[in-house]
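Notes follow once the structure below has been shown.
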Amino acid sequence: MSGLSVKVGGITMKNPVTTASGTFGFGPEYAPYIDLNRLGAIIVKGITLEPRPGNPTPRLVETPAGILNSIGLQNPGVEKFIEESLPYLSGFDLPVIVNIAGETVEDYAGLAAMLERAAGVAGLEVNISCPNVKKGGMQFGSDPVMAAEVTRAVKANTAKTVIVKLSPNVTSIVDVAEKVAEAGADALSMINTLLGMAIDVKTRRPILGNVMGGLSGPAVRPVAVRAVWQVYREVKLPIIGMGGIMTPDDALEFILAGATAVAVGTANFVNPRATVDIIDGIENYLAASGVQSIHELVGAAHNNSI
Amino acid sequence: MSGLSVKVGGITMKNPVTTASGTFGFGPEYAPYIDLNRLGAIIVKGITLEPRPGNPTPRLVETPAGILNSIGLQNPGVEKFIEESLPYLSGFDLPVIVNIAGETVEDYAGLAAMLERAAGVAGLEVNISCPNVKKGGMQFGSDPVMAAEVTRAVKANTAKTVIVKLSPNVTSIVDVAEKVAEAGADALSMINTLLGMAIDVKTRRPILGNVMGGLSGPAVRPVAVRAVWQVYREVKLPIIGMGGIMTPDDALEFILAGATAVAVGTANFVNPRATVDIIDGIENYLAASGVQSIHELVGAAHNNSI
Amino acid sequence: MSLVVNAEVVEQNEVMQGHFRLALNAPEVAAAARPGQFLHVSCGNTYDPLLRRPISIHTVDRQKGEVKLLYRVAGRGTALLSRLKGGDLVDVLGPLGNGFTLPAGSENVFAVAGGIGVAPLYFFLQELSGLKHKATVLLGAAAKEQLICVDEIKALGHTVLLATDNGSTGHRGTVVELFDLYARLPVHSCGDYNPDEEMSGYVYGCGPAAMLKELCAAVRENGFSGEVSLEERMGCGIGACLSCACKVKDGKGGFRHQRVCLDGPVFPVEEVVWA
Amino acid sequence: MSLVVNAEVVEQNEVMQGHFRLALNAPEVAAAARPGQFLHVSCGNTYDPLLRRPISIHTVDRQKGEVKLLYRVAGRGTALLSRLKGGDLVDVLGPLGNGFTLPAGSENVFAVAGGIGVAPLYFFLQELSGLKHKATVLLGAAAKEQLICVDEIKALGHTVLLATDNGSTGHRGTVVELFDLYARLPVHSCGDYNPDEEMSGYVYGCGPAAMLKELCAAVRENGFSGEVSLEERMGCGIGACLSCACKVKDGKGGFRHQRVCLDGPVFPVEEVVWA
Ligand SMILES: Cc1cc2nc3c(=O)[nH]c(=O)nc-3n(C[C@H](O)[C@H](O)[C@H](O)COP(=O)(O)OP(=O)(O)OC[C@H]3O[C@@H](n4cnc5c(N)ncnc54)[C@H](O)[C@@H]3O)c2cc1C
Ligand SMILES: Cc1cc2nc3c(=O)[nH]c(=O)nc-3n(C[C@H](O)[C@H](O)[C@H](O)COP(=O)(O)OP(=O)(O)OC[C@H]3O[C@@H](n4cnc5c(N)ncnc54)[C@H](O)[C@@H]3O)c2cc1C
Ligand SMILES: Cc1cc2nc3c(=O)[nH]c(=O)nc-3n(C[C@H](O)[C@H](O)[C@H](O)COP(=O)(O)O)c2cc1C
Ligand SMILES: Cc1cc2nc3c(=O)[nH]c(=O)nc-3n(C[C@H](O)[C@H](O)[C@H](O)COP(=O)(O)O)c2cc1C
Ligand code: FES
Ligand code: FES
């Protein structure tokens with residue numbers, strides 16, 4: 001095991017860098033630019049039980065040091081994903097983590113069950129920032145009880161590593177993390193996007209076709225680092241940190257705050273080689289500072305603060 | 001009444017532009033750069049009952065398109081404020097809004113009572129993003145019930161306009177707004193800063209002396225516009241919108257989302273003339289688009305969206 | 001093949017107020033580029049603006065290893081781009097997208113451009129003239145001074161027709177109106193004139209969405225076919241983020257989403273579903 | 001008086017690896033500036049970086065209406081600044097802060113600079129020499145090549161002593177050690193030498209915080225007094241945001257916070273409370 005290798009639940013990653021769901025497609029899109037085998041893991045675009053057409057355009061707008069997106073979970077559905085995308089990914093030496101999204105607890109259970117039978121899936125990342133249609137559209141992730149319910153339903157249907165992806169749009173992300181941990185999650189990932197919107201002053205209309213969207217990119221990094229920091233102190237699960245990671249230093253900031261691994265999202269749009277550049281940069285940092293293993297750095301900023 | 005004039009509770013502003021608390025001192029700091037009489041109102045630095053020394057340094061760190069601050073409410077206390085700063089401000093033709101902060105409900109009540117007796121105060125802006133020491137440090141603003149309690153305590157001790165300043169660090173800002181409105185608030189201001197932090201990869205320590213701080217500046221604008229948009233739909237109180245306003249267009253974005261007035265914060269650091277530049281820009285926009293009164297624009301983006 | 005290249009600026013000129021032609025040294029990109037493809041261009045080194053900007057490949061000089069872009073300053077990204085000078089480096093990703101399909105036979109070919117839409121069509125018209133194929137090129141702009149590339153396209157041997165909103169030259173009105181008028185004339189783009197011929201034609205269109213929507217309608221009304229280059233706000237530019245969705249017919253009376261960046265930007269006139 | 005000015009760059013030169021001297025045309029600023037004051041400089045036109053950067057006024061030419069800055073590239077803001085060329089515009093706010101107090105009489109004056117700390121002291125030493133007052137100037141750096149302004153300061157008529165960490169020139173060690181050694185010698189900065197004199201002196205210091213802390217201790221141990229220019233991260237630069245707090249004695253055995261930007265950046269050695 002090299003100094004870069006980490007474990008997230010049952011998943012061994014050769015380095016701590018993975019991809020943020022929805023920013024890396026299903027893999028082939030980035031294959032012209034990087035060797036996918038270099039990644040610690042891949043987290044693919046969010047999958048639902050049925051195919052989804054996604055939201056009306058515009059689906060993306062740039063904001064200061066960030067972007068707002070409202071893709072609307074456009075995806076081919078889990079069956080087509082298993083048929084068409086998994087075989088491609090199985091050609092790589094790479095743990096595949098499937099991001100799943102649903103509108104009911106049963107959706108999540110069903111997705112977990114179907115993916116449990118599929119070959120080549122290392123783990124599930126549970127996107128709980130989705131509206132619960134049975135609870136008036138309230139997001140699963142905004143309520144610790146609902147979040148725990150989803151976690152239990154997924155765990156009951158899979159033996160694979162279950163990573164629950166937390167939303168930052170809550171009063172206490174620690175409360176949600178604690179309940180999700182009690183419900184059996186193997187790991188946490190954070191953060192999903194911040195809820196935001198933008199209005200065009202010329203047309204006097206919301207810019208996004210769907211009015212509101214999710215904010216990501218460097219702008220949100222301070223919020224994301226804070227979330228990892230807070231949860232690391234209270235919950236003893238490995239964390240995949242993300243939110244605005246553009247450079248090796250940004251990735252290290254999350255690791256020092258308590259993340260065992262990191263996911264690169266919006267940065268891929270700016271630099272298609274961002275993931276490997278970050279892996280190289282972390283490796284150089286370890287070498288330059290004489291750190292043998294990345295584990296020495298996980299949460300290290302907590303020791304150095306009051 | 002000119003086309004730029006707005007009313008926020010009992011306060012008539014000659015234009016919709018005021019200053020965000022904590023970014024504009026007590027007024028004299030900016031007097032070399034702008035004519036304070038041009039402002040629609042001034043919201044001064046947060047005041048507490050007793051003087052406060054503030055937090056250890058560093059108190060500020062730049063982040064992508066934003067800043068994190070942890071000033072720690074350094075202020076001379078309400079008595080000295082009344083003695084030293086109010087007389088200066090009374091020399092201007094300018095509604096003075098005093099931002100108040102406390103550690104207990106009684107603090108807020110006491111501040112309201114003292115300022116009720118002081119001459120030259122048009123209104124109070126109640127900063128509820130402060131830890132309630134009697135409730136284990138939980139922020140007043142993070143709980144609709146506590147937020148309402150503070151609001152009632154302030155209203156019971158003043159006849160002046162009471163503006164409650166909402167925190168974005170909550171699951172539902174609409175819930176807080178509704179409870180605060182029921183408790184008698186005359187207006188709402190939003191948003192206060194987002195909770196964030198930054199770590200120095202070289203020293204492996206949190207950068208801010210106080211570890212966590214508040215994120216402001218253009219980075220947060222999408223979150224702030226969304227908050228104004230959501231609250232405008234559900235609560236019938238005038239809103240002072242703020243969060244990353246740098247330009248006239250940014251200010252108009254908030255107004256179109258539902259803000260009756262706007263506050264300029266971090267922008268003052270970048271451009272000490274930001275407030276008047278924004279006033280001029282709004283005036284030009286009205287003229288160029290043939291809009292008679294700014295009221296036609298307040299919330300106008302809601303009519304134009306689905 | 002697509003690449004991420006730190007390309008050196010050879011030169012940049014303002015060809016018209018607010019419009020720039022930028023020449024980059026990027027031999028591999030020049031070698032791989034096809035007309036209708038674009039580059040995803042990084043407009044600065046800071047996080048504001050954050051995203052790359054898609055700009056069509058305007059022309060290439062494979063011998064010199066140069067790629068040229070022709071763009072309008074539309075906002076902050078392009079404004080930053082316009083400040084680049086010879087010797088500066090600019091990070092480009094590409095060539096991206098599918099590009100125009102070159103005609104296989106001797107079809108009657110129209111190229112219809114609104115404003116800066118002429119940028120990618122010029123590259124196409126160059127390749128076309130390399131195939132000794134002549135097109136009827138219709139260029140539209142608000143006023144005479146705003147027409148770009150007119151002489152260059154004439155020099156390629158194509159027939160050029162102009163439309164301006166204010167009538168300062170050519171047809172007074174839109175370029176789509178002009179197309180509609182001209183499409184009814186029995187004049188073939190190769191120059192043949194046969195009053196008895198039942199005209200057909202293949203149209204290549206590029207310009208603002210509103211214009212392309214009208215163009216598609218006019219193409220179909222005239223019984224022609226063709227393809228148009230669409231624009232949508234882009235994130236990745238390479239098919240991963242799904243932000244650049246456009247609607248195409250699903251063959252069952254409904255629509256499905258495709259990616260302008262990867263499945264397009266060029267789509268058959270018959271397939272595009274307009275809002 | 002402080003102003004917001006869009007100043008034209010007269011010229012910019014790299015005086016040493018990673019260190020730049022930037023000359024700006026800003027007559028009102030030049031007229032108002034006093035040694036020890038600073039400008040709050042906008043380093044770009046986008047929101048990243050967002051804040052201005054405080055840079056001391058290195059020297060002014062009131063006749064030409066020029067203000068010069070001398071700075072080290074420390075990060076992104078100063079890196080952007082270093083790309084400015086003659087004719088470019090840069091938005092500056094200032095002069096800000098209190099500045100050094102010029103000696104009223106003929107005190108024995110020391111100026112002690114660590115690294116780029118020499119930047120504001122040079123302006124001070126110019127004014128001092130205008131008053132025909134000679135100082136002993138101690139400059140420290142990591143190595144010989146990193147010492148700046150040595151000849152310029154000698155040309156003003158002051159005595160210059162050097163310290164380098166690697167001993168490549170002058171004293172091997174820190175500039176504070178050198179000060180401590182020298183302060184014990186009965187040599188007055190005006191050149192007088194009187195072995196029986198009980199030396200006293202007034203010290204002007206500028207440099208990194210760790211150096212200034214040591215310097216303050218050395219000044220007091222030698223029974224001297226003086227003033228130092230502090231640095232703190234700044235928001236507004238004009239006293240409004242309270243981010244640049246430093247601790248000064250409150251006269252009751254405790255401390256109170258003052259603003260480096262407005263109450264400083266120069267504080268009496270006796271008042272600063274070090275962490
Ligand atoms: C495939 C493709 C090829 C292109 N080729 C060219 C070309 O060759 N030459 C050229 O000049 N331009 C071209 N464009 C358009 C060009 O990408 C935009 O003008 C540019 O991205 C604007 O960036 P900016 O930062 O200057 O403006 P911004 O500040 O980003 O935007 C300026 C204005 O345009 C609006 N806007 C931005 N992007 C879009 C969009 N995609 N759809 C609708 N409104 C938008 C903004 O809201 C704003 O009002 C092409 C676009 C695409 C998708
Ligand atoms: C009153 C005053 C006068 C100054 N005069 C000069 C001068 O004449 N010449 C000169 O070269 N520099 C001067 N400085 C320092 C200069 O302001 C900084 O070097 C500059 O702001 C760095 O900006 P940057 O964007 O290049 O670096 P950044 O990217 O902002 O920072 C570079 C590194 O420095 C750290 N850092 C940034 N600011 C501070 C701070 N205030 N305290 C501690 N660490 C910090 C960052 O964390 C980072 O590690 C002065 C500072 C002050 C307060
Ligand atoms: C275009 C886009 C699509 C996204 N789609 C998903 C998704 O399908 N499921 C999910 O859990 N998160 C999704 N996200 C959120 C990211 O995975 C990530 O949590 C967020 O963008 C923060 O990271 P970043 O700032 O590095 O992008 C998406 C983000 C973007 C920008
Ligand atoms: C340095 C600083 C100090 C602040 N102090 C206060 C304060 O005392 N009371 C308060 O309610 N808000 C305070 N705020 C929050 C601002 O008033 C405002 O809500 C926030 O900064 C968002 O606006 P902006 O992005 O325009 O700065 C402070 C913000 C900054 C940057
Ligand atoms: S821009 Fe990302 S899929 Fe097209
Ligand atoms: S920088 Fe704002 S008070 Fe000093």
Side-chain angles (χ1 to χ4, degrees), chain A residues 56 61 63-68 138-139 142-143 167-172 194-206 209-213 215 217-227 229-230 244 246 248-250 252-254 256-257 285 289 297 300-306, chain B residues 56 61 63-68 138-139 142-143 167-172 194-206 209-213 215 217-227 229-230 244 246 248-250 252-254 256-257 285 289 297 300-306:
Chain A
V61 52
T63 64
I67 59 174
L68 279 169
M138 187 180 168
Q139 282 190 11
S142 66
D143 175 28
S167 164
N169 304 302
V170 294
T171 306
S172 168
L194 284 165
L195 192 61
M197 74 177 286
I199 294 171
D200 185 327
V201 173
K202 286 189 209 78
T203 61
R204 299 184 197 156
R205 288 167 190 274
N210 200 42
V211 181
M212 289 189 235
L215 185 66
V220 310
R221 198 176 71 227
V223 174
V225 172
R226 181 267 299 170
W229 174 275
Q230 290 180 316
M246 305 295 285
D249 275 5
D250 298 343
L252 288 161
E253 201 181 343
F254 279 84
L256 292 166
Y285 178 94
S289 52
L297 298 180
H302 292 266
N303 313 331
N304 296 334
S305 87
I306 344 85
Chain B
V61 52
T63 64
I67 58 175
L68 279 169
M138 187 181 170
Q139 283 190 10
S142 67
D143 175 27
S167 163
N169 303 304
V170 293
T171 305
S172 168
L194 285 165
L195 192 62
M197 74 177 286
I199 294 171
D200 186 326
V201 174
K202 287 188 210 77
T203 62
R204 299 183 196 157
R205 289 169 190 271
N210 199 42
V211 182
M212 289 189 237
L215 185 65
V220 310
R221 198 175 71 229
V223 174
V225 171
R226 181 267 298 171
W229 172 275
Q230 289 180 315
M246 305 295 285
D249 275 6
D250 297 345
L252 287 161
E253 200 180 343
F254 280 83
L256 292 166
Y285 178 93
S289 52
L297 298 181
H302 292 265
N303 314 330
N304 297 333
S305 87
I306 344 85

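Reminder, nothing fancy here: chain letters follow the sequence lines and each chain counts from 1.
- Contacts between L195(B) and chain A at a heavy-atom distance below 4.5 Å involve backbone atoms as well as side-chain atoms.
- Remark: Q139(A) CD to N169(A) CG distance equals 6.5 Å, nearest 0.5 Å.
- Note that CD1 of I199(A) is 6.5 Å distant from NE2 of H302(B), once rounded to the nearest 0.5 Å.
- Interatomic distance, CG of N303(B) versus CZ of R205(A), reported as 10.5 Å (0.5 Å rounding).
- Contact count versus chain A (heavy atoms, under 4.5 Å) is highest, among L256(B), D250(B), L297(B), for L256(B).
- Residue Q230(B) touches chain A through its side chain alone, counting heavy-atom pairs closer than 4.5 Å.
- For Y285(B), the part lying under 4.5 angstrom from a heavy atom of chain A is the side chain only.
- The candidate from G66(B), A198(B), P168(B) with the greatest count of non-hydrogen atom pairs under 4.5 Å with chain A is A198(B).
- Taking NZ of K202(A) as the start and CG of D249(B) as the end, the distance is 7.0 Å to the nearest 0.5 Å.
- Here the shortest heavy-atom pairing between V201(A) and E253(B) reads CG2-N, 4.1 Å.
- Shortest non-hydrogen contact noted between A301(B) and P206(A) is O-CD, 3.9 Å.
- Interface remark: of the candidates G217(B), A224(B), P222(B), P222(B) forms the most heavy-atom pairs closer than 4.5 Å to chain A.
- Residue L68(B) touches chain A through its side chain alone, counting heavy-atom pairs closer than 4.5 Å.
- For S142(B), the parts lying under 4.5 angstrom from a heavy atom of chain A are both the backbone and the side chain.
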